[in-house]
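Letters go in sequence order (proteins before strands), and every chain restarts at 1.
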Amino acid sequence: MPRPQILRKRADFLRAARAGRAHTDAFTLQARQRNDDSAAGLVRVGYTCSKKVGNAVARNRAKRRLRAVAAEVLPRLGRPGWDYVLIGRPGATAVHPYEAMLRDLARALEKVHRPREQKR
RNA sequence: GCGGAUGGCUGGAUGACCGCGGGCUCCGCAAGGGGCGCGAGGAAAGUCCGGACUCCACGAAGCAACGGUGCCGGGUAACGCCCGGCGGGGGUAACCCUAGGGAAAGCGCCACAGAAAACAGACCGCCGCGGUCCGCCGCGGCAAGGGUGAAACGGUGGGGCAAGAGCCCACCGCGGGACUGGCAACAGGACCGGCACGGCAAGCCCCACCGGGAGCAAUGCCUAAUAGGGGAUCCGCAUGGGCUGCUUCGGCCUCGAGAUCCCGGGUUGGCAGCUUGAGCCUGUCGGUAACGGCAGGCCUAGAGGAAUGGUCAUCCAGGGGGGCAACCCCCGGACAGAAUCCGGCUUACAGGCCAUCCGCGCAA
RNA sequence: GCGGGUAUGGUGAAAUGGUAUCACACGAGCCUUCCAAGCUCUUGGUGUCGGUUCGAUUCCGACUACCCGCU
């Protein structure tokens, strides 16, 4: 599988937020299946850490950890044609155990994938 | 050994695996892939100062306004920074702090208390003379004593006097000051004066010196489609009006319907600016030092919503528990992350290391 | 990246360098059969650390927090 593309456009984030989401202790996952087929076979992922997370150091640290988690999990469990958005949470994202975050992401992906498949 | 002062350094180490951003190189038409090497700080922070760089403005001189700096000498590209010295204050000491020019240029303020708060004067008083209803009153002299206050027109002692007073004398203080030392700030000070000249300028102010504005999202360039804006010259109109802090001389702008020539606005973008620089290291020389000269060597992040991350193992500090001990178990790594680049200041910071010095105690 | 402002009781606001004031709120009392209103009294404060001054909310510096512009 090719490397996931990084989401940058505000519109993509907004569309993902309107679709499914799942909360865990250390982050929130939002995801949607794209309808336009511009980049059909790709997994795309974005990261959000607002100023609520802390100063620039804390925000970057949170983003780096989210990237690390996503890079380990998404190639196995992510689905082509989907956009994922990981949102950092104050306090938790920077200190939560790494193992637990891996498990949480896997579980959150399951939960987010399920209702879509029931519809189809 | 205990306590303290100052200056400086450091602020996890090694390895493995999976990743990220640039660079060089190889393969490939391309997409992409392989290899090698590099990749946060002493504060990258606050934005409090000073510059480099770029664009804009700008004619010169004087004046005025506004802001800043403020002992002296040196360092520096420059500074409100640094070094050395001086004066003042604190500490037994090492040492530390210090916005520290001018109060006889002028204005202003000094609450409460106190008789009196800045220029002299007199509330309680002291002394003399006169009067007296013996309570005191009037006239004159005096400023030592009292109490207030942050601050009271010199302090102590003696002489002197009706009582007193720099009225006189000695010492100290104060003012001036030849001269001496020092580049200077300043220090010492023969001698003279005879007490006059309170404090506040981080109150207005005076003096000296410095200062154009904006900021790399500056600024320059490239491509495409398209809308029709502007400039120069000539001609016409006008010889006025306006702007430039003020003045003098000067400069600039302002109108059209025409002709010719030329340029080209905005917007997701891309490239440059962008890291070779008041650079770093070593040695040597000058200097008390800050720092500078010379020689040799080195290239050390460069992104563009933004990389430097994750996991594991061993070790090194640190904390807790068990054990006589060897040792074992658990926890666990300060402040914080480049964004045009430098020089400072300030603020944050677990701990560790080094050097010099001071006081006390003990021993010799 | 560049610049400006504010901070005073629980809240909102005043204060020429000289005892920090006012309104509402809170608490207590009076009044009322009770509540509200009204009246009286009380508690509580200059963001932090330094400096200048005899004396600082005020003047100066550094820091902290919040707010607002420009690009």
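When both pairing distances are held under 3.5 Å, C:rG61 makes a Watson-Crick or G-U pair with C:rC49. With both pairing distances under 3.5 Å, B:rG3 is matched to B:rC358 as a Watson-Crick or G-U wobble pair. Across all strands shown, B:rU260 pairs with B:rA232; the Watson-Crick or G-U wobble distances both stay below 3.5 Å. Remark: B:rU254 base-pairs with B:rG240. Criterion, Watson-Crick or G-U wobble with two distances under 3.5 Å. Shown here, B:rG73 forms a base pair with B:rC83; the pair counts as Watson-Crick or G-U wobble because both key distances fall under 3.5 Å. In this structure, B:rG130 forms a base pair with B:rC137, meeting either the Watson-Crick or the G-U wobble geometry with both donor-acceptor distances under 3.5 Å. With a cut-off of 3.5 Å on both pairing distances, B:rA339 has no Watson-Crick or G-U wobble partner at all. Checking C:rC34 for Watson-Crick or G-U wobble geometry (two distances, each under 3.5 Å) identifies no partner in any strand.
When the C1' atom of B:rU311 is taken as reference, atom CD of A:Glu72 falls 8 Å away, rounded to whole Å. Between A:Arg76 atom CZ and B:rC18 atom P the separation is 16 Å, expressed in whole Å. Per the geometry, NE2 belonging to A:His96 stands 16 Å off P belonging to B:rG310, to the nearest Å. In this structure, the NZ atom of A:Lys63 is 15 Å from the P atom of B:rG309, given to the nearest Å. Between the CZ atom of A:Arg59 and the P atom of B:rU308 there is a distance of 15 Å, rounded to whole Å. When rounded to the nearest whole Å, the span between CG of A:Leu74 and C1' of B:rG310 equals 15 Å. Per the geometry, CZ belonging to A:Arg65 stands 8 Å off C1' belonging to B:rG310, to the nearest Å. Remark: C1' of B:rG19 and OH of A:Tyr47 are 11 Å apart, rounded to the nearest angstrom.
Nearest approach of A:Glu72 to A:Arg76, heavy atoms of both residues: O-NE, 3.8 Å.
The cluster map of Ile, Leu, Val, Met, Phe, Trp and Tyr, joined by side-chain heavy atoms under 4.5 Å apart, puts A:Leu74 and A:Tyr98 in the same cluster. Linking ILVMFWY residues whenever their side-chain heavy atoms come closer than 4.5 Å, directly or via other members, places A:Leu102 and A:Val45 in the same cluster.
Comparing the C1' positions of B:rG39 and B:rG23 gives a spacing of 11 Å, expressed to the nearest Å. Nucleotides B:rG250 and B:rA257 are separated by 35 Å at their C1' atoms, to the nearest Å. Rounded to whole Å, the separation between the P atoms of B:rU69 and B:rC353 comes to 44 Å. One P atom belongs to B:rA334, the other to B:rG309, and the distance between them is 14 Å to the nearest Å. Straight-line distance between the P atoms of B:rA232 and B:rG256: roughly 14 Å, to the nearest whole Å. Look at the P atom in both B:rG50 and B:rC79: the space between them is 11 Å, to the nearest Å. Between the C1' atoms of B:rA178 and B:rA190, the separation comes to 8 Å (whole Å). The gap from the C1' atom of B:rC112 to that of B:rG147 amounts to 16 Å, rounded to the nearest Å.
Closest to the A:Val57 side chain, of the nucleotides B:rA307, B:rA336, B:rG310, is B:rA336. Closest to the side chain of A:Arg67, out of B:rU311, B:rA307, B:rG309, is B:rA307.
Here the rule is side-chain contact (heavy atoms from CB on, under 4.5 Å) with A:Leu29, and of A:Asp104, A:Ile87, A:Leu66, A:Leu86 only A:Leu86 fits it.
Distance alone, capped at 3.5 Å, is enough to place a donor-acceptor pair between the A:His113 side chain and the A:Leu109 backbone. Without hydrogens or angle criteria, A:Arg89 side chain to A:Asp25 main chain gives a donor-acceptor distance under 3.5 Å. Between the side chain of A:Arg65 and the main chain of A:Thr93, a donor-acceptor pair closer than 3.5 Å is present.
With the nearest nucleotide of RNA chain B identified for both A:Glu99 and A:Asn60, A:Asn60 has the one nearer the 5' end. Nearer the 5' end of RNA chain B, as judged by each residue's closest nucleotide, is the contact made by A:Pro97, out of A:Ala58 and A:Pro97.
Contact check, A:Arg61 against B:rA336: no side-chain N or O comes under 4.0 Å of OP1 or OP2.
Classified by its glycosidic torsion, B:rU275 falls in the syn category, the angle being within 90° of 0. Taking 90° from 0 as the syn/anti boundary, the base of B:rU54 is oriented anti. A syn orientation is assigned to B:rG135, its glycosidic angle lying within 90° of 0.
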